[in-house]
Chemist: 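Please read through the structure below; I'll follow up with questions.
The basis for the numbers below is simple: all heavy atoms, side chains too, and nothing from hydrogens, waters or symmetry mates. What you are looking at is a predicted structure, and each value in this text was computed from that prediction instead of being measured. So you know, we letter chains A, B, ... as the sequences are listed, proteins then strands, and number each from 1.
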2 protein chains.
Amino acid sequence: MVKRTSFEGDSCPIARSLDALGDWWSLLIIREALFGLRRFGEFQSKLGMAKNILAARLRSLVDHGILATAPASDGSAYQEYALTPKGRGTFPILVALRQWSEEFDDRPEEIATILVDREKGRPVKKLEMHAEDGRLLSPADTTLKPRPARPRRSA
Amino acid sequence: MVKRTSFEGDSCPIARSLDALGDWWSLLIIREALFGLRRFGEFQSKLGMAKNILAARLRSLVDHGILATAPASDGSAYQEYALTPKGRGTFPILVALRQWSEEFDDRPEEIATILVDREKGRPVKKLEMHAEDGRLLSPADTTLKPRPARPRRSA
DNA sequence: TTGTGTGGTTGCATCATAAAACCAAATGGC
DNA sequence: GCCATTTGGTTTTATGATGCAACCACACAA
């Protein structure tokens, strides 16, 4: 088995995230889900992807607790895929990806949409990193520490 | 050609970002680069990945303007790979991925490190989205607008 | 019950990935 | 200067993932 190198057991949280949503389609599916898409056919026609990999991705996202299948909702006894809180929690990731593209893309004129504050219609500010006390932090102001052992009995 | 479905021409900025760094290794390479790694061998031994795909990824990242090859720096006439500003600009993406894992991972006890404010040693705050005027925004407070045509002559 | 649309699964061709072998240039010891 | 070793890759080969198309099952409608 050559196995696509799963990062599931890795101790790096970034690797662990990538294990769940680090493939070509998962984040785009989540992006559509955040816009309200729920049905297999909706995802398929909107993203234009092959149905078998859509099925595989949906299954994987459900397995990872990012999507949940709801029995129905709009009459038709079909299934639908709704984001869980964990799934909605990916929003900052999508915003970060979007802002990176907006800032650094070589052909920004090809970008069709911008994310705006609904109330004012103005672009949202760049994501910022702050300390607990509110100080603005740059990458150089941060460092990694070993995770402190939680005071709970070692599971 | 079945081609890995490139998102290069896509108008969605998220898709465009994923086209550059949406594979299994690129973000991990960038993560190591942010920690100061620069040499081929350093990446290879730290990430434990096959050398051929490391070479392919480094080439791709250089092509995308995320890394740049510098002729030397530490005496040895070898090459090294340094982050460009565009590469350093991915930092919020990595932070978002990390925080998502810290918040939602099913086995958080396996996460080895936490990102802290260097000065105080305390964990950094969660990334927040703000409006231009500073109001804290939730996903529901935002919406997408078509990109306004820039007033510069069409390049 | 025959049709049609939705929601998939199955087969097959092609591509990407991974591991290991191989290789050339740069370095280091002497 | 000469040989061994390290560095920084490329090539080879096997296998898994992707993409397309065809097929299929079920719901629903007439």
Side-chain angles (χ1 to χ4, degrees), chain A residues 1-10 15 18-29 32-33 36-64 67-82, chain B residues 1-10 15 18-29 32-33 36-64 67-82:
Chain A
M1 286 251 280
V2 183
K3 270 279 302 190
R4 185 53 166 282
T5 310
S6 164
F7 299 121
E8 209 173 16
D10 200 294
L18 291 176
D19 188 67
L21 32 84
D23 69 289
W24 300 92
W25 290 112
S26 294
L27 281 169
L28 294 178
I29 293 172
E32 298 303 331
L37 266 58
R38 288 161 165 267
R39 297 284 284 264
F40 187 95
E42 289 177 326
F43 290 112
Q44 206 269 322
S45 63
K46 192 81 193 307
L47 291 170
M49 62 192 293
K51 299 203 291 180
N52 53 348
I53 40 180
L54 174 56
R57 287 291 158 275
L58 289 173
R59 214 174 306 142
S60 162
L61 289 170
V62 169
D63 287 347
H64 278 98
L67 293 175
T69 54
S73 112
D74 63 330
S76 314
Y78 284 115
Q79 204 174 214
E80 65 180 32
Y81 300 87
Chain B
M1 289 252 278
V2 182
K3 270 280 299 197
R4 186 61 167 281
T5 308
S6 163
F7 300 119
E8 210 174 16
D10 201 294
L18 291 176
D19 188 67
L21 32 84
D23 69 288
W24 298 92
W25 291 110
S26 294
L27 281 168
L28 294 177
I29 292 172
E32 298 302 331
L37 266 58
R38 287 162 166 268
R39 297 285 284 265
F40 187 95
E42 289 178 325
F43 289 113
Q44 205 270 320
S45 63
K46 193 79 194 308
L47 292 170
M49 63 191 293
K51 299 202 292 179
N52 52 351
I53 38 180
L54 174 57
R57 287 290 157 274
L58 289 173
R59 215 173 306 144
S60 161
L61 290 170
V62 169
D63 287 347
H64 279 96
L67 293 176
T69 55
S73 113
D74 63 332
S76 314
Y78 284 116
Q79 203 175 213
E80 62 180 34
Y81 300 88

Chemist: How close do A/Arg57 and A/Trp25 get, counting heavy atoms only, and between which atoms?
Modeler: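 So the two residues come closest at CG-CB, 4.1 Å.
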
Chemist: B/Leu37 CG to D/dT7 P: how many Å, rounded?
Modeler: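 So the CG-P distance, B/Leu37 to D/dT7, works out to 13 Å.
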
Chemist: What residues form a side chain to side chain contact (heavy atoms under 4.5 Å, CB included) with B/Glu32, not counting sequence neighbours?
Modeler: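 B/Glu32 satisfies side chain to side chain contact (heavy atoms under 4.5 Å, CB included) with B/Leu37, B/Phe43, B/Lys46, B/Leu47 only.
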
Chemist: Could you check how far CG of A/Leu47 sits from C1' of C/dG8, rounded to whole Å?
Modeler: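 Distance, rounded to whole Å: 17 Å.
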
Chemist: So, does B/Gln44 use its side chain to make a donor-acceptor pair with the main chain of B/Ala50 at under 3.5 Å?
Modeler: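 Not a single qualifying donor-acceptor pair exists.
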
Chemist: Between protein and nucleic acid, restricted to nucleotides 10-12 of chain D and to nitrogen or oxygen atoms under 3.5 Å apart, what atom pairs and distances do you find?
Modeler:
| residue | atom | partner | partner atom | Å |
| --- | --- | --- | --- | --- |
| D/dT10 | OP2 | B/Arg59 | NH2 | 2.9 |

Chemist: Of all heavy-atom pairs between B/His64 and B/Asp19, which one has the smallest distance, and what is that distance?
Modeler: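 Looks like NE2-OD2, 3.9 Å.
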
Chemist: Hey, what do you get for CG (B/Leu28) to CG (B/Leu54), rounding to the nearest 0.5 Å?
Modeler: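 Going from CG on B/Leu28 over to CG on B/Leu54, the span is 11.5 Å.
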
Chemist: Starting at atom CE of B/Met49, determine the distance to atom C1' of C/dT17, rounded to an integer number of angstrom.
Modeler: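 Taking atom C1' of C/dT17 as the reference, CE of B/Met49 is at 10 Å.
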
Chemist: For D/dT7 and B/Gln44 - does any side-chain N or O of the residue sit under 4.0 Å from the phosphate oxygens OP1/OP2?
Modeler: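 For D/dT7, OP1/OP2 do not have a side-chain N/O of B/Gln44 under 4.0 Å.
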
Chemist: D/dG9 C1' sits how many Å from B/Ile53 CD1, rounded?
Modeler: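 From B/Ile53 CD1 to D/dG9 C1': 14 Å.
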
Chemist: Rounded to the nearest Å, what distance is computed from the CD atom of residue A/Glu80 to the P atom of nucleotide C/dG8?
Modeler: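 These atoms are roughly 12 Å apart.
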
Chemist: Whole angstroms only, please: what is the CH2-C1' distance between B/Trp24 and C/dA19?
Modeler: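 Result: 18 Å.
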
Chemist: Scan A/Phe43 against the nucleic acid and name what it touches under 4.0 Å (heavy atoms): base, sugar-phosphate only, or nothing.
Modeler: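 Answer is nothing: A/Phe43 stays at 4.0 Å or more from every strand.
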
Chemist: Checking contacts here: which listed nucleotide (D/dT18, C/dA18, C/dA16) is nearest the side-chain heavy atoms of B/Trp25?
Modeler: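 For B/Trp25, the side-chain atoms sit closest to C/dA18.
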
Chemist: Identify the two heavy atoms, one from B/Leu18 and one from A/Trp24, that lie closest to each other, and give their separation to 0.1 Å.
Modeler: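 For B/Leu18 versus A/Trp24, the nearest heavy atoms are O-CZ3, 3.9 Å.
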
Chemist: Does D/dA25 have OP1 or OP2 under 4.0 Å away from a side-chain N or O of A/Tyr78?
Modeler: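 Answer no for this pair, as no side-chain N or O of A/Tyr78 is under 4.0 Å from OP1 or OP2.
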
Chemist: How many whole angstroms separate atom CG of A/Leu54 from atom P of D/dA21?
Modeler: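 Checked: the CG to P distance equals 16 Å.
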
Chemist: So, is B/Arg39 near the phosphate of D/dG8, with a side-chain N or O under 4.0 Å from OP1 or OP2?
Modeler: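 Affirmative; the distance criterion is met.
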
Chemist: Would the distance check show the side chain of B/Glu42 and the main-chain N or O of B/Arg38 forming a donor-acceptor pair, the cut-off being under 3.5 Å?
Modeler: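 Yes; judged by distance alone, with no hydrogens or angles, the pair exists.
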
